[in-house]
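These values consider heavy atoms only, across backbone and side chains, with no hydrogens, waters or symmetry-generated copies.
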There are 2 protein chains.
Amino acid sequence: MSQPDTKTRILDAAEQLFARDGFHHTSLRSITGQAKVNLAAVNYHFGSKEALLQAVFERHLLPLNRLRQERLQQVLEAAERAGRPPAADRLLRAFIEPTLAFRQAHPNNRAFIALIGRSMVEMDSTVRDCFSRLIEPLFRLLLCGLQRALPQLPPAILLTRLRFALSAMAHTMCMPDRTPLQIDSSSAPLDGGELAEQLIRFTCAGLEAPC
Amino acid sequence: MSQPDTKTRILDAAEQLFARDGFHHTSLRSITGQAKVNLAAVNYHFGSKEALLQAVFERHLLPLNRLRQERLQQVLEAAERAGRPPAADRLLRAFIEPTLAFRQAHPNNRAFIALIGRSMVEMDSTVRDCFSRLIEPLFRLLLCGLQRALPQLPPAILLTRLRFALSAMAHTMCMPDRTPLQIDSSSAPLDGGELAEQLIRFTCAGLEAPC
DNA sequence: GTCTATACGATGATAGAC
DNA sequence: GTCTATCATCGTATAGAC
């Protein structure tokens, strides 16, 4: 088996280490060490540590976002044809299911999805701004669909509730079984599919609560 | 007006800068610069940057947690006396309202609550571990109360839903009007009290959703 | 006890030789 | 494209003044 090229080796190492240790706790020296390339190769190929983060995001997030956007638009168009508003749970499902499918498609993808979850709730402006640029068009589409699904909610209320829902989603993606509660439950943790179902049920009930 | 002592000046500066820029983007030099103390004063008074973070947490979180614990126990005891399970929304309210009241008690407290919100969703293990130690007994009490309020939910499901709820709470605390959606809503943002009401309504509906 | 000045090793980043 | 050398800045540690 031939080694992937320098750029790919750096991306692979960075994705894994960013997801495991976080952006700021990952040094370029640890990335280049694991990728078996020279320290300066990162700056040559990507320009900076921050630009490397963006490249890591774009490699998988652009295709994944295309998938989610297609699913969302299918739901919206089907509702349009039927002459009734889309169902909130179908919209949420169109958003969540491709993410889960991607995560389960390959063992390496777990690290990427964890990184995405971290980034959705990241307070650090370096990481958050970089991620926000890539994800916001999709969030906007979801909000637009939910406005049609739940026309009784004032826009400000819906936006607030969507933020609640996205926060819950983010945590589910990055730490399916740990935080913010570290409590060691005696019962077995939920598997990926069951967790996604619970997430959809929870957020849907919250979004649809009387106003 | 006499200056507060060195230790307090460091705590004040650190609290503000940690909340604004995050733990890792705040250098000890910027803290000691703003506090107008010598760089080495941090290590003398607190031992390390991480120990300083813990001191910042403890200064306000220990009293606030006592308040929240009292409120939670009042709800639990009132239900006990009435011979019926506590209401989920009362438990959530006992948790959220003292937090909001503290935040509105003094302008400087806003930075601290933002820091707490950041810490609840913090991926970085330095910040999260330090914070978790202080907050987990309270989370445990809340979980315990919710188990009585919602006995029909299997423990694993309830724990999962509580994690969803806490994630939404965390974001509300640290960024009442911005993230993860940066979308500039045309409608006016909700004020603090209304936001808390929406949060209680959302999380309560999610927790009580059929299983 | 408090505080200051200063130094150390590691980091992200860059310039220039090859 | 790659690598070595170098830089400013980071958290930390310590010696010694007051």
> So what does A:Ala41 hit on the nucleic acid, given a heavy-atom distance under 4.0 Å: a base, only sugar-phosphate, or nothing?
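No contact.
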> A:Leu53 CG to C:dA13 P: how many Å, rounded?
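It works out to 11 Å between those atoms.
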> Between B:Arg140 and B:Glu136, does at least one N-O distance fall below 4.0 Å, as a salt bridge requires?
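Yes, charged N to carboxylate O under 4.0 Å.
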> Just verifying a value: how many Å separate A:Leu207 CG and A:Ile157 CD1, rounded to the nearest 0.5 Å?
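Result: 12.0 Å between the selected atoms.
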> Taking the minimum atom-to-atom distance to the side chain of B:Tyr44, which one of C:dT2, C:dA13, D:dT12 wins?
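That would be C:dT2.
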> For the pair B:Phe131 and B:Phe57, name the ring-plane relationship: parallel under 30°, tilted 30 to 60°, perpendicular over 60°.
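Plane angle between 30° and 60°, so tilted.
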> From the list C:dT14, C:dG12, D:dC10, which nucleotide is the closest neighbour of the side chain of A:Arg29?
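Closest of the options to the side chain of A:Arg29: C:dG12.
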> In this structure, how many angstroms lie between the C1' atom of C:dC3 and the CZ atom of B:Phe46, rounded?
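In whole Å, C:dC3 C1' lies 14 Å from B:Phe46 CZ.
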> Whole-Å distance between C:dA10 C1' and A:His24 NE2?
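So the two atoms are 17 Å apart, to the nearest Å.
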> Between B:Arg68 and B:Glu97 (salt bridge meaning N to carboxylate O under 4.0 Å), is one present in this structure?
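A salt bridge is absent here (no side-chain N lies under 4.0 Å from a carboxylate O).
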> May I have the distance from B:Ile31 (atom CD1) to D:dT12 (atom P), rounded to whole angstrom?
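From B:Ile31 CD1 to D:dT12 P: 10 Å.
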> So, is A:Thr6 near the phosphate of D:dT2, with a side-chain N or O under 4.0 Å from OP1 or OP2?
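So the side chain of A:Thr6 is within the cut-off, an N or O lying under 4.0 Å from OP1 or OP2 of D:dT2.
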> Of the listed nucleotides (C:dA13, C:dT2, D:dT4), which one gets closest to any side-chain atom of A:Asn38?
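From the listed options, D:dT4 comes nearest.
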> Please give, in whole Å, the distance from C:dT2 C1' to B:Ile10 CD1?
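Distance, rounded to whole Å: 11 Å.
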> Of all the nucleotides listed (D:dC3, D:dT12, C:dA13), which has the minimum atom distance to the side chain of A:Leu28?
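Minimum distance to the A:Leu28 side chain belongs to C:dA13.
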> Could you tell me the separation between the CG atom of A:Leu52 and the C1' atom of C:dT11, rounded to a whole number of Å?
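It is 16 Å, rounded to the nearest whole Å.
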> Quick one: A:Leu39 CG to D:dG1 P, roughly how many Å, whole number?
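Those two atoms, CG and P, are 18 Å apart.
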> From D:dT2, D:dT4, C:dA13, pick the nucleotide closest to the side chain of A:Lys49?
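It is C:dA13.
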> Taking the side chain of A:Ser27 as heavy atoms from C-beta outward, which of C:dT11, C:dA13, D:dC3 is closest to it?
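Closest of the options to the side chain of A:Ser27: C:dT11.
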> Scan B:Thr26 against the nucleic acid and name what it touches under 4.0 Å (heavy atoms): base, sugar-phosphate only, or nothing.
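Sugar-phosphate contact only.
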> Under 3.5 Å, side chain of A:Lys49 to main-chain N/O of A:Ser27, donor-acceptor pair present?
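Absent.
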> Output yes when at least one side-chain N/O atom of B:His45 is less than 4.0 Å from OP1 or OP2 of C:dC3, else no.
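Indeed, a polar side-chain atom of B:His45 lies that close.
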> The side chain of A:Asn43 is closest to which nucleotide in this list: C:dT6, D:dT2, C:dT14?
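Between C:dT6, D:dT2, C:dT14, the one nearest the side chain of A:Asn43 would be C:dT14.
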